[in-house]
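Heads up: numbering here begins at 1 and tracks the sequence.
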Amino acid sequence: MTAKEELSQYKYARDKVEETLEEYEKYKTRAEKVTSIISDMPRGGQSSDKVADNASIMADLSRQYEERWLQAEREKLKVEQNIDSIEEPYQTLLRKRYVEGLSFEEVAEKMNYTYSAITKMHGKALYLYLCAKK
């Protein structure tokens with residue numbers, strides 16, 4: 001994987017974290033509604049088995065969401081650590097471009113460089129990023 005591809009994974013991982021948290025909250029809300037409905041049902045042998053089965057399924061889903069979230073956070077952290085290991089101003093350039101998601105024009109403006117200078121610096125920043133990984 002190239003440096004640019006790996007850095008681009010940061011946005012994917014960030015989006016995945018947000019998406020997972022949103023899905024988990026929807027799931028949790030539904031699970032709480034189902035739990036309150038089930039708990040109001042009369043107690044009996046068969047219905048208590050259903051409650052136990054549903055509780056087990058909900059616990060499994062909760063673990064799956066947590067693992068998905070943790071994996072995405074690990075991916076983000078790996079990219080951030082690699083960026084942190086390179087020298088300035090290349091570190092700032094990569095952080096603004098890939099972590100903050102700014103365009104080259106926005107990066108140039110924020111760093112007080114020309115667009116042309118930023119695109120040239122970007123090439124060196126990618127090279128330094130690759131070297132830092134080794």
Heavy-atom check, side chain of D84 versus side chain of R95, under 4.5 Å: yes
Reported CD1-to-NZ distance for the pair I83 and K96, which is rounded to 0.5 angstrom: 12.0 Å
Name of the residue among E6, K124, Q91 meeting side-chain hydrogen bond (donor to acceptor under 3.5 Å, both in side chains) with Y129: E6
Y113-Y115 co-clustered via ILVMFWY side chain contacts under 4.5 Å: yes
Short side-chain donor-acceptor distance under 3.5 Å, E106 and S103: yes
Separation of N82 CG from L94 CG (nearest 0.5 Å): 10.5 Å
Straight-line distance of E105 CD to T114 OG1, nearest 0.5 Å: 11.5 Å
Heavy-atom closest contact (L102 atom, R97 atom, distance): O-NH1, 2.9 Å
Steps toward side chain to side chain donor-acceptor pair (under 3.5 Å) verdict (E80, Y10): CA-CA 8 Å; E80 288 175 14; Y10 186 90; 2.6 Å; yes
Gap separating the NZ atom of K4 from the OG atom of S8, nearest 0.5 angstrom: 7.0 Å
Close side-chain approach of T2 to L130, heavy-atom, < 4.5 Å: no
Test salt bridge (charged side-chain N to carboxylate O under 4.0 Å, His left out) applied to E66 and R63, step by step: CA-CA 5 Å; E66 183 177 319; R63 280 189 294 277; over 6 Å; no
Carboxylate-amine/guanidinium proximity below 4.0 Å for E75 and K78: no
Rounded distance (nearest 0.5 Å) linking atom CE of M121 with atom CD1 of I118: 4.5 Å
Ring-ring centroid check Y98 H122, cutoff 6.0 Å: yes
CD (E109) with more than 12 external heavy atoms under 6.0 Å: no
Salt bridge R74-E67, side-chain N to carboxylate O under 4.0 Å: yes
